[in-house]
Amino acid sequence: EPRILNVALEGLENILRVGEELRNQTHLDSNPYAEYIEAAEGLEKIEALQNHATKDIFEKARMILETYCDPCDDDLDDENLAPAVDEDGQFAFGADNVQGTNFNFD
């Protein structure tokens with residue numbers, strides 16, 4: 001299995017390299033082949049290979065992701081997901097000041 005995975009990752013790397021050359025030559029915004037791989041849920045598969053027991057496999061998977069995948073597309077990097085910080089450096093989760101609010105359970 002590791003040999004087959006290594007050959008497949010090398011093939012993907014070659015395809016992505018050609019896509020980068022195409023992107024640079026034609027002034028595209030992104031690598032068209034990376035988009036095809038992403039549309040086919042290939043990025044998830046490559047990400048999963050980062051946990052492979054064989055060192056060569058997880059290193060090649062990591063290198064492909066670092067080289068050819070745009071980190072700005074990662075949902076975890078979305079600046080809008082982080083809570084705002086108030087003037088005291090405390091996280092502000094959208095709740096107004098609730099101190100002094102009296103609850104009546106009668």
If you count the non-hydrogen atoms of other residues, nucleotides and ligands that lie under 6.0 Å from CD in Glu41, is the total more than 12? no
Spatial distance of atom CD (Glu59) from atom CD (Gln50) [nearest 0.5 Å]: 11.0 Å
Minimum heavy-atom distance between Pro32 and Gly19, given as atom pair plus value: CD-O, 3.9 Å
Without placing hydrogens or testing angles, list every side-chain donor-acceptor pair under 3.5 Å for residues 22-29, not counting sequence neighbours.
from	atom 1	to	atom 2	distance (Å)
Asn24	ND2	Glu20	O	3.2
Thr26	OG1	Leu22	O	2.6

Treating Ile, Leu, Val, Met, Phe, Trp and Tyr as nodes and any side-chain heavy-atom pair under 4.5 angstrom as an edge, say whether Leu12 and Met63 lie in one connected cluster. yes
Under a 3.5 Å distance rule, please check whether Asn14 uses its side chain to pair with a backbone N or O of Glu10 as donor and acceptor. yes
At what distance, to the nearest 0.5 angstrom, does OH of Tyr36 lie from CG of Leu16? 13.0 Å
Separation between CG of Asn6 and CG of Asp56, rounded to the nearest 0.5 Å: 6.0 Å
Determine whether Ile57 and Ile15 fall in the same hydrophobic cluster, where Ile, Leu, Val, Met, Phe, Trp and Tyr are linked whenever their side-chain heavy atoms lie under 4.5 Å apart. no
Quick one: do Ile46 and Phe58 end up in the same hydrophobic cluster if we chain Ile, Leu, Val, Met, Phe, Trp and Tyr together by side-chain heavy atoms under 4.5 Å apart? no
Is there a path of hydrophobic side-chain contacts, each under 4.5 Å between heavy atoms of I, L, V, M, F, W or Y residues, that connects Tyr33 with Leu43? no
Which value, rounded to the nearest 0.5 Å, describes the distance between Ile64 atom CD1 and Leu49 atom CG? 9.0 Å
Could I get the full list of salt bridge (Lys or Arg N to Asp or Glu O under 4.0 Å) partners for Glu13, not counting sequence neighbours? Arg17, Lys60
